[in-house]
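What follows is a short report on a single structure.
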Amino acid sequence: MADDKKLTTRAGDFSAWYNELVLRAELADYSPVKGSMVIRPNGYGIWERMQRALDDMFKATGHRNAYFPLLIPESFLKKEAQHVEGFAPECAVVTHGGGKKLEEPLVIRPTSETIIYHMFAKWVQSYRDLPLLINQWANVVRWEMRTRLFLRTLEFLWQEGHTAHATHDEAEEETRRMLGVYRTFMEEFMAMPVITGQKSESEKFAGALRTYSCEAMMQDNKALQAGTSHNLGQNFSKAFELKFQTEAGDIEFAWNTSWGVSTRMIGGLVMTHGDDNGLVTPPRLAPIEVVIIPIWKTDDEKAKLTEAANAHRDELTSWMGRGAHDRLRVHVDARDGMRAGAKYYEWELQGVPLRLELGPKDLEKQSVFSARRDTRAKAPIAMAGVAESVAKVLETIQSDMFAAAKARREAHSVRDIASYDAFKQLMDGDGGFVYAGWCGDGACETKVKEETKATIRCIPDEEFRSAQAPTACLACGGPAKHEAVWAKAY
RNA sequence: CGGGACGUGGCUCAGCCCGGUAGAGCACUCCCUUGGGGUGGGAGGGGUCGCGAGUUCGAAUCUCGCCGUCCCGACCA
């Protein structure tokens, strides 16, 4: 490589850029087991911030956490016909334990519907026990053929919410509510705009009545399904005898929902905001929001500036303007033997939202020199009231990142595609989201997929639909039943 | 599982055609230098050349087999 300090560029090879960034920013590393990965502290730190924000939102909507076991009797998985069909090929199965062959093989959970609804059936007797609102943070295993760091690995971390309700409408409301929670999280924390909508029959969860998803656009204009929420109807309650007695005294099957987001979102974060210099983290998810780099020449200066940098850190971290539980997250990089410039590159690669440089000149001027990660804009910040100024810049970064990502998505969204040929041409070139009609026939979906690799990402919710609803199906030209978002996807 | 490529210090790779006892850059350790965007120099540590067999006086290099990785296709959060 001509310059192996630089990343491959996004324009040069998006896929290589992504892999290099994830490895070099130390978000994750390949594990000795093909297809699985180690999440390193930089990556896990982002996950922890995601978990915290989401967990608070789950609690605020009345859910409680629990933990269900990793191993599931194989027979459980087979109880729901669609479910087993969807997951059987990608299940890892434990056949031996304690040095003996097991009587019944145990499946390593690819998702926990079966074990959870089995347990729910024991816990629910009456309508008074409903709704039952449970979430678990867990790892799951799906034996994928082709894997990518964070985006698709054999094992990944996620949360799965599982609820039981007395009526279909309550379950539907819950399904939509949690999709909304995901959307809020993705927009407000990840600064990642998403389109919400319903999945087509072929893309829905195996065993669900309906699946809704959040779809985001990556910088290569491909779609990433970032979160899903399922109305499971009574499919699982019937398979697992999850019944309750109504107020009127009748016995009915409960209505279930399940919803999940995973460490895949970290991949989405990288591909939404990263640039050719590395990761760009939205402040609200950044384990370190501000890095302070003292600059010195002499030993005398070194002592003075390191002390000043530490004093700044203390001032920033003790500031309570965001509330006592949301202090600024600040790191001082006073490493010796490394030039300031080299530190800049390193922290940029790791995506720290704001850098503060503190040198002799700044001390004289009673200011610090700041550099934004997202725009790379530089400006001095007065020492007086520095914490408030910094907090304000971070807020600006957060909202600017969202606005930039949204503008990019809109720039690559097409609502007036002239013809199927034009669509093919677009998918052959730049790609993007195409809002176009769909007759509702799975055959048309399959045809488009085979010919262009693009699929229906979702039937968008009303607010995302075009002012003028499309009248013809993209593929067959017949009357359109829905407006659909078509795109190539991860 | 089909098609293609590749396995050589931690990383990226050269050496292989034409066999002769292993190299570069980066990274790492130490010293000096430098220090507001990847300083420069010096010294040093580190390799069963993927594994196994074969040919040969001698194999990283040639032959065969195996294993593994990556990319492209069939499945997917």
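So you know, we letter chains A, B, ... as the sequences are listed, proteins then strands, and number each from 1. This one's a predicted model, so the numbers in the text were calculated from it and none came from an experiment.
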Paired with [N]: which nucleotide, if any, by Watson-Crick or G-U wobble criteria at under 3.5 Å for both distances?
N	answer
A5(B)	U69(B)
A14(B)	none
G58(B)	none
U48(B)	none

Options [options], nucleotide nearest the side-chain atoms of [X]:
X	options	result
Arg339(A)	A77(B), G35(B), G37(B)	G35(B)
Asp362(A)	G36(B), G37(B), A77(B)	G36(B)
Ala342(A)	U39(B), G35(B), C75(B)	U39(B)
Lys6(A)	C75(B), G35(B), G38(B)	G38(B)

d([atom1], [X]; [atom2], [N]) in whole Å:
X	N	atom1	atom2	answer
Asp299(A)	G35(B)	CG	P	14 Å
Tyr345(A)	U39(B)	OH	C1'	13 Å
Glu301(A)	U34(B)	CD	P	14 Å
Leu356(A)	G36(B)	CG	C1'	14 Å
Ile295(A)	U34(B)	CD1	C1'	15 Å
Ile293(A)	G38(B)	CD1	P	13 Å
Asp336(A)	U33(B)	CG	P	13 Å
Arg335(A)	G38(B)	CZ	C1'	13 Å

Describe the nucleic acid contact of [X] in one word from base, sugar-phosphate, nothing, applying a heavy-atom distance below 4.0 Å.
X	answer
Leu224(A)	nothing
Gln225(A)	sugar-phosphate
Thr228(A)	nothing
Lys343(A)	nothing
Gly260(A)	nothing

With rounding to whole Å, what would you report as the distance between [N] and [M] at their [atom1] atoms?
N	M	atom1	result
A53(B)	G41(B)	P	46 Å
C51(B)	G10(B)	P	13 Å
C32(B)	U39(B)	C1'	13 Å
C16(B)	U55(B)	P	25 Å
G23(B)	U61(B)	C1'	15 Å
G7(B)	U48(B)	C1'	15 Å
U56(B)	U29(B)	C1'	42 Å
G50(B)	G9(B)	P	8 Å

Smallest separation among heavy atoms of [X] and [Y], with atom names:
X	Y	result
Ala405(A)	Ala191(A)	CB-O, 3.9 Å
Met427(A)	Gly432(A)	CE-O, 3.4 Å
Arg335(A)	Lys343(A)	O-NZ, 2.8 Å
Asn65(A)	Asp55(A)	ND2-OD1, 2.9 Å
Thr111(A)	His83(A)	CG2-CE1, 3.8 Å

*Start with the C-alpha gap between Tyr344(A) and Asn277(A), add the side-chain angles, then the distance that decides, and say whether side-chain hydrogen bond (donor to acceptor under 3.5 Å, both in side chains) holds.*
CA-CA 11 Å; Tyr344(A) 301 165; Asn277(A) 299 301; over 6 Å; no
**Message:** Checking side-chain polar atoms at under 3.5 Å, does Asn139(A) have a donor or acceptor matched by the opposite partner on Arg109(A)?
**Reply:**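 Judged by distance alone, the side chains do pair up.
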Please enumerate all protein N or O atoms sitting under 3.5 Å from an N or O of nucleotides 69-72 of chain B, with distances to 0.1 Å.
unit_1: C70(B); atom_1: OP2; unit_2: Lys34(A); atom_2: NZ; d: 3.3
unit_1: C72(B); atom_1: OP2; unit_2: Arg146(A); atom_2: NH1; d: 3.3
unit_1: C72(B); atom_1: OP2; unit_2: Arg146(A); atom_2: NH2; d: 2.1

side-chain contact (heavy atoms from CB on, under 4.5 Å) partner of Gln350(A), the single match among Ile288(A), Asn42(A), Val291(A)
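Single side-chain contact (heavy atoms from CB on, under 4.5 Å) partner of Gln350(A) among Ile288(A), Asn42(A), Val291(A): Asn42(A).
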Taking the six-membered ring where the residue is Trp, are the ring centres of [X] and [Y] under 6.0 Å apart?
X	Y	value
Trp47(A)	Phe156(A)	no
Phe120(A)	Tyr117(A)	yes
His482(A)	Trp438(A)	yes

Practice item. Would you give the length of the straight line joining atom OG of Ser229(A) to atom CZ of Arg183(A), rounded to the nearest 0.5 angstrom? Key: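 CZ of Arg183(A) is found 14.0 Å from OG of Ser229(A).
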- Answer yes or no for this row: Tyr344(A) ring on G37(B) base, centroids under 5.5 Å, planes under 30°.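 Taking the rule of under 5.5 Å and under 30°, the ring of Tyr344(A) does not stack on G37(B).
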Hey, is Trp296(A) doing a stacking thing with G35(B), by the 5.5 Å centroid and 30° angle criteria?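 By the stated criterion, Trp296(A) and G35(B) do not stack.
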With sugar-phosphate taken as primed atoms, P, OP1 and OP2 and all else as base, the protein-contact string of nucleotides 40-46 of chain B at under 4.0 Å (heavy atoms; B, S, -) is -------
**OP:** Compare all side-chain heavy atoms of Glu80(A) with those of Glu113(A) and state whether any distance is below 4.5 angstrom.
**Re:**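 Not in contact.
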- Query: Would a 4.5 Å heavy-atom cut-off, applied to side chains only, mark Val290(A) and Val352(A) as touching?
  - Reply: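 Val290(A) vs Val352(A): side chains apart.
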For RNA chain B, what residues of residues 367-384 of chain A have any heavy atom nearer than 4.0 Å?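 The answer is Phe369(A), Arg376(A), Lys378(A).
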**Request:** Report the C-alpha distance between Asn221(A) and His412(A) in whole Å, list the side-chain angles of each, state the deciding distance to 0.1 Å, and finish with yes or no for side-chain hydrogen bond (donor to acceptor under 3.5 Å, both in side chains).
**Result:** CA-CA 7 Å; Asn221(A) 302 335; His412(A) 295 281; 3.3 Å; yes
**OP:** Ignoring hydrogens and angles, answer whether the base of G38(B) and the side-chain atoms of Glu346(A) contain a donor-acceptor pair closer than 3.5 Å.
**Re:**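 In this structure, the two groups form no donor-acceptor pair.
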